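Here's the structure we're looking at; comments come further down.
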Amino acid sequence: MKIRGRTLSGLLLAAALAASALGAGTVAALDTAPAAVTGHAATGHTGHTGHVMADSALPSGDDPDGDGYVPAVPPVTGVTPSDAVPPPAYFHEFQANCSVTHTAPDDPIVYPGRPGASHDHTFMGNRSTNAHSTTASLTGGATSCNAPADASAYWMPSLYDGDRKVLPVGPQVIYYKSGVTDYTSVRPFPKGLRFVVGDPAQSADRFRDHGGWVEGWECGDSYKNVDFPARCPTGTQLNIRMQAPSCWNGLHLDTPDHQSHMAYPVVKPGTNHDVCPASHPVALPMIEFKMAFPVDGDMSRVRLSSGRGHSFHYDFFNAWEDRTLKALVDHCVVGGLQCDTRGYDQNHPERGAVLNADHRLP
């Protein structure tokens with residue numbers, strides 16, 4: 001199966017150190033100078049300035065013993081990766097589009113309970129996200145996503161043009177798709193699942209070879225850039241798309257590296273079919289960020305708070321209301337439809353919509 005014209009390879013998700021951030025800042029006060037990108041003292045391996053992967057995590061709300069593992073309760077066991085080939089369906093997705101809420105040098109995944117420890121991040125979705133966020137604090141919270149039931153937290157490194165912070169305007173496209181050929185095997189995210197996509201320390205080559213790569217940075221007629229283009233035509237926007245791993249080990253909602261509980265699908269030998277590896281047999285939705293930054297012209301001063309363009313990465317912390325997420329996954333992903341944020345496929349109006357005009361379950 002090909003996703004955006006590119007078959008996923010058998011590589012598992014590369015080890016990544018992620019940064020995410022949150023705080024009390026508001027969108028109304030975002031044009032401030034960037035926070036200094038300096039490391040936070042910690043024991044462990046330093047993957048990038050501003051991101052330190054400790055040998056063991058500190059105790060936090062979801063990880064009271066501080067070992068970095070957040071177990072799934074109950075775990076999902078006894079699953080065999082599906083290699084079935086269902087009826088052809090070019091699309092199996094819905095959108096969960098969310099606007100920017102605030103920025104802050106926080107990261108409730110990599111630096112739980114330590115405000116200011118990370119480089120600056122731009123947050124979308126849950127309006128309360130900060131360094132102290134937990135599954136309980138996010139659940140049921142106010143959100144900037146179209147669907148009020150999506151209280152999940154989404155974040156990425158902030159982008160700057162010189163010292164000016166550049167924020168995406170309006171709802172950003174966040175796809176929930178099938179990453180495996182058997183789209184009928186995809187099940188909803190478990191509440192509290194969290195992970196980091198990409199690595200702020202990755203080189204240009206590692207970024208290009210990453211399992212989540214989708215065309216790189218784009219603007220105008222310039223595509224497949226691992227770093228920012230030298231110039232973007234006036235009136236265009238700088239875009240990037242990046243896909244997340246979609247195979248889960250069924251055992252942990254988080255692990256010390258914030259990635260090893262997840263994996264990208266692999267190609268079944270002798271076929272062109274994508275399946276989950278035996279180590280991560282549970283097929284979940286594949287998130288794809290499609291972000292658009294309103295910056296054009298000379299790009300020589302454009303940078304991320306995490307570094308150059310190839311340091312792009314993002315974080316996801318699931319806090320969907322369970323019934324709504326399941327309804328959208330079942331109707332759109334398992335059902336093989338190309339749905340909008342209401343779970344409606346305009347090419348198949350006879351199938352109806354999942355959510356009403358207010359983006360709520362009827």
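Sequence positions, counted from 1, serve as the residue numbers for this chain. This structure is a prediction, so every number in the text was calculated from the model and none was measured.
The residues R194 and D315 are annotated as not salt-bridged, no charged nitrogen and carboxylate oxygen being separated by less than 4.0 angstrom. Under a 4.0 Å N-O distance rule, the pair D83/K268 qualifies as a salt bridge. Taking 4.0 Å as the cut-off between side-chain N and carboxylate O, D199 and R206 count as a salt-bridged pair. R323 and E321 are joined by a salt bridge, as a carboxylate oxygen and a charged side-chain nitrogen come within less than 4.0 angstrom of each other. Contact check on R164 versus D161 returns a salt bridge, with a Lys/Arg side-chain nitrogen under 4.0 Å from an Asp/Glu carboxylate oxygen. At a threshold of 4.0 Å, the pair D120-K165 counts as salt-bridged, since one of the basic side-chain nitrogens sits closer than that to a carboxylate oxygen.
Between E93 atom CD and L328 atom CG the span is 12.5 Å, to the nearest 0.5 Å. Atom NE2 of H261 and atom NE2 of H252 lie 9.5 Å apart (nearest 0.5 Å). Distance check, rounded to the nearest 0.5 Å: CE of M156 to CD1 of I240 gives 9.5 Å. Rounding to the nearest 0.5 angstrom, the gap separating the SG atom in C332 from the OH atom in Y183 is 13.0 Å. Rounding to the nearest 0.5 angstrom, the gap separating the OH atom in Y160 from the CG atom in L167 is 9.0 Å. Rounding to the nearest 0.5 angstrom, the gap separating the CZ atom in F195 from the OG1 atom in T255 is 11.5 Å.
Annotation: side chain of E215 is in contact with side chain of R241 (closest heavy-atom distance under 4.5 Å). Contact check for D296 versus P233: no side-chain heavy atoms found under the 4.5 Å cut-off. The shortest side-chain heavy-atom distance between P229 and C219 falls under the 4.5 Å cut-off. Within the 4.5 Å cutoff, the side chain of D340 has no heavy atoms near those of the Q346 side chain. Between M242 and H210, some side-chain heavy-atom pair lies under the 4.5 Å cut-off. Using a 4.5 Å cut-off on side-chain heavy atoms (C-beta onward), L159 and R303 make no contact. Contact of the Y176 side chain with the L325 side chain is registered, since non-hydrogen atoms from C-beta on lie closer than 4.5 Å. In this structure, C339 and Y344 have side chains that are not in contact, with every pair of non-hydrogen atoms separated by 4.5 Å or more.
In terms of modelled atom types and a separation under 3.5 Å, the side chain of Y175 and the main chain of N97 share no donor-acceptor contact. Here the side chain of N318 pairs a donor or acceptor atom with the backbone of P190 at under 3.5 angstrom. Looking only at distances, a side-chain donor or acceptor of N239 sits under 3.5 Å from a matching main-chain atom of Q237. Without hydrogens or angle criteria, Q172 side chain to A292 main chain gives a donor-acceptor distance under 3.5 Å. A donor-acceptor contact shorter than 3.5 Å links the side chain of T181 to the backbone of D274. A donor-acceptor pair is defined here as one N or O able to donate and one able to accept, closer than 3.5 Å; no such pair exists between the side chain of H280 and the backbone of P265. R342 places no side-chain N or O within 3.5 Å of a backbone atom of D358 that could act as its donor or acceptor partner. Formation of a donor-acceptor pair under 3.5 Å by the Q259 side chain with backbone atoms of P256 is not found in this model. At least one donor-acceptor pair closer than 3.5 Å links the side chain of H310 to the backbone N or O of Q202.
Scanning both residues, L361 and A327, for their nearest heavy atoms gives CD2-CB, 4.0 Å. T184 approaches P86 most closely through the heavy-atom pair CG2-CB, 4.0 Å. Listed here is the closest heavy atom pair of P171 and S99: N-OG, 3.2 Å.
Few gaps surround NZ on K191; more than 12 heavy atoms of other groups in view lie less than 6.0 Å from it. With a 6.0 Å radius and a threshold of 12 heavy atoms from other residues, nucleotides or ligands, D221 has its CG atom at or below the threshold.
Each of W213, W217, F289 was evaluated against F312; a single residue qualifies, W217, per the ring-ring contact (aromatic ring centres under 6.0 Å, His included) test. Screening W248, F316, W320 for a ring-ring contact (aromatic ring centres under 6.0 Å, His included) with F189, the sole residue that qualifies is F316.
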Candidate pair S158 and T122, rule side-chain hydrogen bond (donor to acceptor under 3.5 Å, both in side chains), full reasoning: CA-CA 5 Å; S158 296; T122 294; 2.9 Å; yes

Pair H258-D107, side-chain contact (heavy atoms from CB on, under 4.5 Å): steps then yes or no: CA-CA 12 Å; H258 315 298; D107 187 337; over 6 Å; no

Residue pair D254, D62: steps toward the side-chain contact (heavy atoms from CB on, under 4.5 Å) verdict: CA-CA 9 Å; D254 196 11; D62 285 339; over 6 Å; no

Stepwise side-chain hydrogen bond (donor to acceptor under 3.5 Å, both in side chains) test for S306 and S311: CA-CA 6 Å; S306 54; S311 72; 2.7 Å; yes

Test side-chain hydrogen bond (donor to acceptor under 3.5 Å, both in side chains) applied to N126 and S128, step by step: CA-CA 6 Å; N126 197 299; S128 72; 2.7 Å; yes

Derivation and outcome, side-chain contact (heavy atoms from CB on, under 4.5 Å), residues S82 and V180: CA-CA 9 Å; S82 175; V180 293; over 6 Å; no

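You'll find the ring centres of H119 and H313 inside the 6.0 Å limit.
Side-chain contact check for S60 and D63: no donor-acceptor pair (N or O, by modelled atom type) lies under 3.5 Å.
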